[in-house]
Amino acid sequence: MVSIPARKITKADLEAKFAELQSGASHTVADAKQKLMAAAAVGGIVVVVLAFLLGRRNGRRKNTIVEIRRV
């Protein structure tokens, strides 16, 4: 059953409610953005370290030793 409000809803009421909703949403987005940035930073560091270690291993396997002898 739908109840009828005792007073009319004014423009100010709507604006206040929308401002309240927007404030809560923007706060949630800010928190999520901060967590995402931290995760991206950690992921970037992991990728760089992994690339370094794989490149180092690959370089050691294909390393050519050149020996120079004087006659």
Side-chain angles (χ1 to χ4, degrees):
M1 179 173 202
V2 178
S3 64
I4 300 173
R7 65 181 186 99
K8 290 186 177 181
I9 298 173
T10 64
K11 182 180 176 183
D13 292 335
L14 291 173
E15 288 175 350
K17 191 63 171 179
F18 287 141
E20 181 183 326
L21 291 172
Q22 186 176 7
S23 171
S26 63
H27 188 66
T28 303
V29 168
D31 288 344
K33 186 177 180 181
Q34 186 177 9
K35 290 177 186 177
L36 183 63
M37 292 297 287
V42 169
I45 291 171
V46 167
V47 167
V48 168
V49 168
L50 188 64
F52 172 76
L53 292 175
L54 288 175
R56 185 173 166 180
R57 178 176 174 241
N58 198 15
R60 283 186 178 173
R61 275 195 309 179
K62 293 183 180 179
N63 195 5
T64 304
I65 299 175
V66 177
E67 185 176 331
I68 301 174
R69 291 187 180 183
R70 290 187 143 191
V71 189

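Because the structure is predicted, anything quoted here is derived from the model rather than measured.
- Contact of the Asp13 side chain with the Arg7 side chain is registered, since non-hydrogen atoms from C-beta on lie closer than 4.5 Å.
- Side-chain heavy atoms closer than 4.5 Å link hydrophobic residues (I, L, V, M, F, W, Y) into clusters, and following such links, even through other members, never connects Val46 to Phe52.
- Between Leu50 and the options Val47, Leu53, Leu54, Val48, a side chain to side chain contact (heavy atoms under 4.5 Å, CB included) holds for only Leu54.
- Judged by distance alone, with hydrogens and angles left aside, the side-chain atoms of Ser23 form no donor-acceptor pair with the main-chain N or O of Ala19 at under 3.5 Å.
- Between the side chains of Asp31 and Thr28, no donor-acceptor pair is found at a separation under 3.5 Å.
- A salt bridge links Glu67 and Arg69; the closest N-O separation between the charged side-chain nitrogens and carboxylate oxygens is under 4.0 Å.
- Here the straight-line distance linking atom CD1 of Ile9 with atom NZ of Lys11 works out to 15.0 Å at 0.5 Å rounding.
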